[in-house]
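What you see below is based on every heavy atom in this structure, not just the backbone, and it leaves out hydrogens, waters and symmetry mates. A quick note: this is a predicted structure, and the numbers were derived from the prediction, not measured.
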Amino acid sequence: RHPLATFFHLFFRVSAIVTYLFCDWFSNSFVACFVTILLLLSFDFWSVKNVTGRLLVGLRWWNQIDEDGKSHWVFEAKRVPTTAASTEAEARIFWLGLIICPVIWTMFFFSTLFSLKLKWLALVIAGISLQTANLYGYVHCKLGGQKTISRVTSRLFGTTDVTKRQSRRISEDVTEEHGKTGTR
């Protein structure tokens, strides 16, 4: 149902890997290769996080900063699963691409480290970081999206009870302090 999203999900990932492997054949400039691969990795990160994850598997994640400056991670999963055969194939492609590519970049890390091509190490670490961040976010979405209603509601009531108990304990402590000084 989403052939264009599936294409771009794999295109940027595979292009970054192929460019990394064969960059010396196309150009002698380290900077041109570095920038090209980094742009491909950035395009991949953005497209997977903002487009293909939503379309292919119904998941999305983002970071939100509240008024106090605290960072909150939000993970969402579509509530109604679609069961079309093409969607299952797209979901398989999505997850395989999401899992295999960080493994490949990790292999590149060790080969770069052991061959002492240290100038490529920063690029490989960027590849691992961007690919793993998306993998982590979507695994978190997938695991969080499979919670049952009873677990969610019990957590909600559990945290409500805890906050009620804490506020009751604080008010009792304040009452005791004021009782000792003779004021209420």
Side-chain angles (χ1 to χ4, degrees), residues 1-21 34-113 120-156 158-159:
R1 297 181 340 156
H2 305 288
L4 195 60
T6 305
F7 170 77
F8 280 109
H9 176 70
L10 295 177
F11 174 75
F12 292 126
R13 292 174 172 267
V14 173
S15 295
I17 291 170
V18 168
T19 305
Y20 177 78
L21 288 174
F34 191 93
V35 169
T36 302
I37 296 167
L38 197 59
L39 282 173
L40 288 168
L41 287 169
S42 300
F43 291 154
D44 171 62
F45 180 81
W46 182 87
S47 68
V48 170
K49 183 181 172 303
N50 294 315
V51 179
T52 62
R54 264 187 239 190
L55 294 177
L56 300 179
V57 291
L59 302 173
R60 68 181 186 158
W61 62 274
W62 68 92
N63 185 0
Q64 185 174 341
I65 299 178
D66 63 6
E67 295 171 355
D68 299 332
K70 292 182 182 177
S71 177
H72 300 283
W73 290 93
V74 181
F75 302 96
E76 285 187 350
K78 189 187 294 186
R79 297 188 190 267
V80 181
T82 55
T83 58
S86 63
T87 306
E88 290 175 17
E90 289 173 346
R92 248 185 248 121
I93 291 169
F94 178 83
W95 287 108
L96 283 174
L98 206 63
I99 293 169
I100 290 173
C101 288
V103 171
I104 292 171
W105 282 103
T106 303
M107 290 185 325
F108 288 163
F109 173 78
F110 288 113
S111 69
T112 303
L113 192 63
W120 291 97
L121 204 56
L123 180 66
V124 173
I125 290 171
I128 291 171
S129 300
L130 291 172
Q131 302 272 324
T132 305
N134 262 333
L135 177 63
Y136 175 78
Y138 282 109
V139 166
H140 226 328
C141 288
K142 182 74 171 166
L143 295 178
Q146 293 179 346
K147 292 179 183 172
T148 61
I149 298 290
S150 62
R151 290 168 84 186
V152 172
T153 55
S154 68
R155 276 190 177 169
L156 177 67
T159 54

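- Two residues are said to be in side-chain contact when any heavy atoms from C-beta on lie closer than 4.5 Å; L56 and I93 fail this criterion.
- In terms of heavy-atom proximity, G97 sits nearest to P102 at O-CD, 4.3 Å.
- Nearest approach of G53 to F94, heavy atoms of both residues: CA-CE1, 3.7 Å.
- Distance check, rounded to the nearest 0.5 Å: CD of E90 to NE2 of H9 gives 10.5 Å.
- N63 pairs by the side chain to side chain donor-acceptor pair (under 3.5 Å) definition with S71, not counting sequence neighbours.
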Intermediate values then yes/no, side chain to side chain contact (heavy atoms under 4.5 Å, CB included), I100 and R13: CA-CA 10 Å; I100 290 173; R13 292 174 172 267; over 6 Å; no
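- Note: L123 CG to I37 CD1 = 5.0 Å, rounded to the nearest 0.5 Å.
- For the pair D66 (side chain) and D68 (backbone), a donor-acceptor distance under 3.5 Å is present.
- Scanning for side chain to side chain donor-acceptor pair (under 3.5 Å) contacts around Y138 gives an empty result, with sequence neighbours left out.
- Looking at heavy atoms from C-beta onward, F8 lies out of side-chain contact with D44 at the 4.5 angstrom threshold.
- Put simply, OG1 on T52 and CG on L4 are 11.0 Å apart, with the number rounded to the nearest 0.5 Å.
- Under the 4.5 Å side-chain criterion, counting only non-hydrogen atoms from C-beta, R60 is not in contact with V74.
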Where do F108 and I128 land on the side chain to side chain contact (heavy atoms under 4.5 Å, CB included) test, with the steps shown first? CA-CA 9 Å; F108 288 163; I128 291 171; over 6 Å; no
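- A distance of 8.5 Å separates SG in C141 from CH2 in W62, rounded to the nearest 0.5 Å.
- Here the shortest heavy-atom pairing between A16 and L41 reads CB-CD2, 3.9 Å.
- Other residues, nucleotides and ligands place no more than 12 heavy atoms under 6.0 Å from the OH atom of Y136.
- Residue L130 holds its CG atom at 12.0 Å from CD1 of I125, rounded to the nearest 0.5 Å.
- Ring pair W61/F45 is perpendicular by interplanar angle, where above 60° counts as perpendicular and below 30° as parallel.
- Between W95 and K142 the shortest side-chain heavy-atom distance falls below 4.5 Å.
- Shortest non-hydrogen contact noted between V124 and T112 is CG2-OG1, 3.8 Å.
- Considering all non-hydrogen atoms of both residues, T19 and S15 come closest at OG1-O, 2.6 Å.
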Could you walk me through whether V51 and W46 satisfy the side chain to side chain contact (heavy atoms under 4.5 Å, CB included) test, starting with their C-alpha distance in whole Å, then the side-chain angles of each, then the deciding distance to 0.1 Å, before giving a yes or no? CA-CA 8 Å; V51 179; W46 182 87; 4.0 Å; yes
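- When side chains are defined from C-beta on, T36 does not count as touching Y20, because their heavy atoms never get closer than 4.5 Å.
- Between S129 atom OG and W105 atom CH2 the span is 11.0 Å, to the nearest 0.5 Å.
- Atom CZ of F75 has more than 12 heavy atoms from other residues, nucleotides or ligands within 6.0 Å.
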